[in-house]
Amino acid sequence: MGSEGCLRLPGNGGPGEGEGGEAKKLQEGRVARGKRRKGKGKAGARQGGRGSEAEGKSGLQKAKEAAGLGAEAGARAGPGEEGERGGSEEEGARRAVKGDEGSAGSGREDEKGERRVRTGRRADGRPGRAQGRGGHAWGGKVETGSSMAAAAEEEAAARELPARPASGPALWRLPEELLLLVCSYLDMRALGRLAQVCRWLWRFTSCDLLWRRIARASLNSGFTRLGTDLMASVPVKERVKVSQNWRLGRCREGIMLKWRCSQMPWMQLEGDSLYISQANFILAYQFRPDGASLNRRPLGVFAGHDEDVCHFVLANSHIISAGGDGKIGVHKIHSTFTIKYSAHEQEVNCVDCKGGIIVSGSRDRTAKVWPLASGRLGQCLHTIQTEDRVWSIAISPLLSSFVTGTACCGHFSPLRIWDLNSGQLMTHLGSNFPPGAGVLDVMYETPSTLLSCGYDTYVRYWDLRTSVRKCVMEWEEPHDSTLYCLQTDGNYLLATGSSYYGVVRLWDRRQRACLHAFPLTSTPLSSPVYCLRFTTKHLYAALSYNLHVLDFQNP
């Protein structure tokens, strides 16, 4: 008994109270203090969120409501908390009356309630738990299903395109049709500055209609001279940006493929695939997403010639190839079907195919016409004596004629146009060619215009509607080297490949002088550019030992 008396704290209980009673009283004191702090937080939050409503109620009514809340809390409490929660009804009523007096006086209690609500929320906007004992109360308002839906709608609206500003210059309040007409007179620099004003103008100035006129006057923007859009899936504004790199000569050089021995490659592009000849094979590679590199493993290998492939074209899901063995090969792109037949006595230097008709030119000084139909492969329709070795050939887009480019040794004009149906000579182009000015590459741009280049170091532009005796425009290679190949975007850009040091030149057809030159080989190696192709973002050039790429999208 003496030891029990020593464990008892003085002043905390009357005679006869044991150790359990002392601990229970201490615990009840702590719970009561926690409930008072919790009740104050609730009253402040309720008063801060419903300031005007709380001011209209009488003090007695608020006391009753506080008492009811206390009773309800006592009913929800567990067996160990029933007495504690029920015992705080009077204190809740006193706090409600005091809150009513504070709100009727100066409204400072309302500000305190708002402050309590704010401190109950976390920095990222999510409600935080109260720090009192129990930890089940939330400092802010509870998010219901309707509030969450409203927040989702606000977030979706923020992701949508910006609306037109309600206030600002009178120009902004014009209808979009009139504003498009006004902005169509702006140049590229003015449109770029206008896009920096606000988000709505940035979206508005990205419209393809505003950039179409600028793109048609740019280099290699995907528009032909007749206005046909060859790349409708790419935004016009982005193409104009890349076009400035072509105009300024800004690019990044790289090597896509290498060969161990010297080759005379030829290549074609189709979609995201590149077809290139190496010796007596034609290999198909797929571009990687950047467009400046290839997958190492080829998609397909097409063989059939006994000697090197000199030239090939893609037509109607077929590959039509011309070989040094004097044969023409027909390959199915998506199958293993391959057939070849003897076409000429010597090597076949060039071939073209359109509309189910194949034309070929050979070193044996003949050009021949063949059908592509499976039942008539190898049946020659016409044999044409050209008096010269045929280096290049092309079919007109109207499928009514074709042009041959010869060595210009036994005839005064290397360019002659033949009727495709009868094989008769229609006309010859030019009359002042020097001997040996052979044409190595020729291509139709439209049914009435074509381009040619060759040994005489000139690129010539012919328009059959004006004159067949004199070209409309010509560009001379500055270093007096042979031009092996050419390519055009159908508008203003022209690219040529020279015979020395792999020089690729870019020309603006509105100017006489060369725009830019890119030497792709270094001493002591010197190789012609046998073939080149380009898209709106990249230029590919095939040389003796490797395949080069000029990346104008990421210079």
Side-chain angles (χ1 to χ4, degrees), residues 187-189 211 213-226 230-231 234 236-254 269 291-292 440-443 445-446 449-454 456-463 471-522 527-543 548-555:
D187 59 2
M188 179 175 56
R189 186 182 297 273
W211 293 92
R213 176 183 58 84
I214 300 173
R216 292 186 62 178
S218 303
L219 295 177
N220 197 22
S221 60
F223 286 90
T224 64
R225 186 165 297 183
L226 301 178
L230 303 178
M231 301 187 66
V234 182
V236 181
K237 183 179 179 180
E238 299 300 323
R239 286 184 270 167
V240 171
K241 289 181 180 179
V242 180
S243 173
Q244 300 310 303
N245 295 333
W246 288 85
R247 182 179 63 85
L248 300 174
R250 295 185 301 210
C251 65
R252 180 165 51 92
E253 181 185 344
L269 301 179
L440 295 179
D441 198 5
V442 61
M443 61 176 298
E445 192 173 32
T446 66
T449 59
L450 54 91
L451 291 157
S452 65
C453 68
D456 64 346
T457 72
Y458 277 92
V459 178
R460 289 184 171 88
Y461 177 62
W462 306 87
D463 192 338
C471 63
V472 177
M473 189 76 176
E474 61 184 18
W475 300 270
E476 184 180 7
E477 215 282 334
H479 293 165
D480 196 30
S481 59
T482 301
L483 298 176
Y484 270 69
C485 55
L486 61 88
Q487 187 72 13
T488 178
D489 65 342
N491 197 6
Y492 296 116
L493 181 65
L494 183 66
T496 59
S498 302
S499 60
Y500 295 119
Y501 303 110
V503 176
V504 173
R505 295 189 184 274
L506 299 182
W507 309 77
D508 188 343
R509 293 165 61 173
R510 294 164 291 189
Q511 305 173 8
R512 287 279 187 177
C514 171
L515 195 62
H516 298 288
F518 303 96
L520 301 181
T521 57
S522 59
S527 167
V529 179
Y530 290 108
C531 183
L532 60 85
R533 295 287 183 267
F534 60 76
T535 63
T536 56
K537 300 177 181 179
H538 303 89
L539 185 145
Y540 310 98
L543 282 71
H548 289 258
V549 58
L550 299 179
D551 187 357
F552 290 88
Q553 184 183 15
N554 302 302

Any side-chain heavy-atom pair of [X] and [Y] under 4.5 Å:
| X | Y | value |
| --- | --- | --- |
| V529 | Y484 | no |
| C251 | D551 | no |
| T536 | V234 | no |
| R510 | L219 | yes |
| V549 | Y540 | yes |
| L520 | L550 | yes |
| P478 | R505 | yes |

Requested in this report: Ignoring hydrogens and angles, state whether a donor on the side chain of T446 or R225 is under 3.5 Å from an acceptor on the partner side chain.
Outcome: no
Query raised in the report: Just checking, any donor-acceptor pair under 3.5 angstrom between side chains of E477 and S498?
Result: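 The criterion, which ignores hydrogens and geometry beyond distance, is satisfied for S498 and E477.
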Report task. Please assess F518 against L506 for the test side chain to side chain contact (heavy atoms under 4.5 Å, CB included), listing each intermediate value before the final yes or no. Result -> CA-CA 9 Å; F518 303 96; L506 299 182; 3.7 Å; yes
Requested in this report: Please report the C-alpha distance between T535 and L269 in whole Å, then the side-chain angles of each, then the deciding distance to 0.1 Å, and finally whether the side chain to side chain contact (heavy atoms under 4.5 Å, CB included) criterion is met.
Outcome: CA-CA 9 Å; T535 63; L269 301 179; 4.0 Å; yes
Query raised in the report: Is there a side chain to side chain contact (heavy atoms under 4.5 Å, CB included) between R239 and F223 once you walk through the steps?
Result: CA-CA 10 Å; R239 286 184 270 167; F223 286 90; 3.9 Å; yes
Going from [atom1] on [X] to [atom2] on [Y], what distance comes out if it is rounded to the nearest 0.5 angstrom?
| X | Y | atom1 | atom2 | answer |
| --- | --- | --- | --- | --- |
| S218 | L493 | OG | CG | 11.0 Å |
| F552 | N245 | CZ | CG | 8.0 Å |
| C453 | L440 | SG | CG | 6.5 Å |
| L539 | R533 | CG | CZ | 10.5 Å |
| K237 | M188 | NZ | CE | 11.5 Å |
| S499 | L483 | OG | CG | 7.5 Å |

Closest non-hydrogen atom pair, [X] against [Y]:
| X | Y | value |
| --- | --- | --- |
| T482 | G454 | CG2-O, 3.6 Å |
| S481 | T457 | O-CG2, 3.3 Å |
| G497 | L532 | N-CD2, 3.6 Å |
| L515 | W246 | CD2-O, 4.2 Å |
| Y458 | D456 | CD1-O, 3.1 Å |
| W462 | S452 | NE1-OG, 3.2 Å |

**Report entry** Flag, side chain of W475 to backbone of Y461, donor-acceptor distance under 3.5 Å
**Finding:** no
Query raised in the report: Would you say R512's side chain and E474's backbone share a donor-acceptor pair under 3.5 angstrom?
Result: yes
Report task. Run the numbers on S221 and V236 for side chain to side chain contact (heavy atoms under 4.5 Å, CB included), then give the verdict. Result -> CA-CA 8 Å; S221 60; V236 181; over 6 Å; no
Query raised in the report: In this structure, which one of L494, D441, T488 forms a side chain to side chain contact (heavy atoms under 4.5 Å, CB included) with V459?
Result: L494
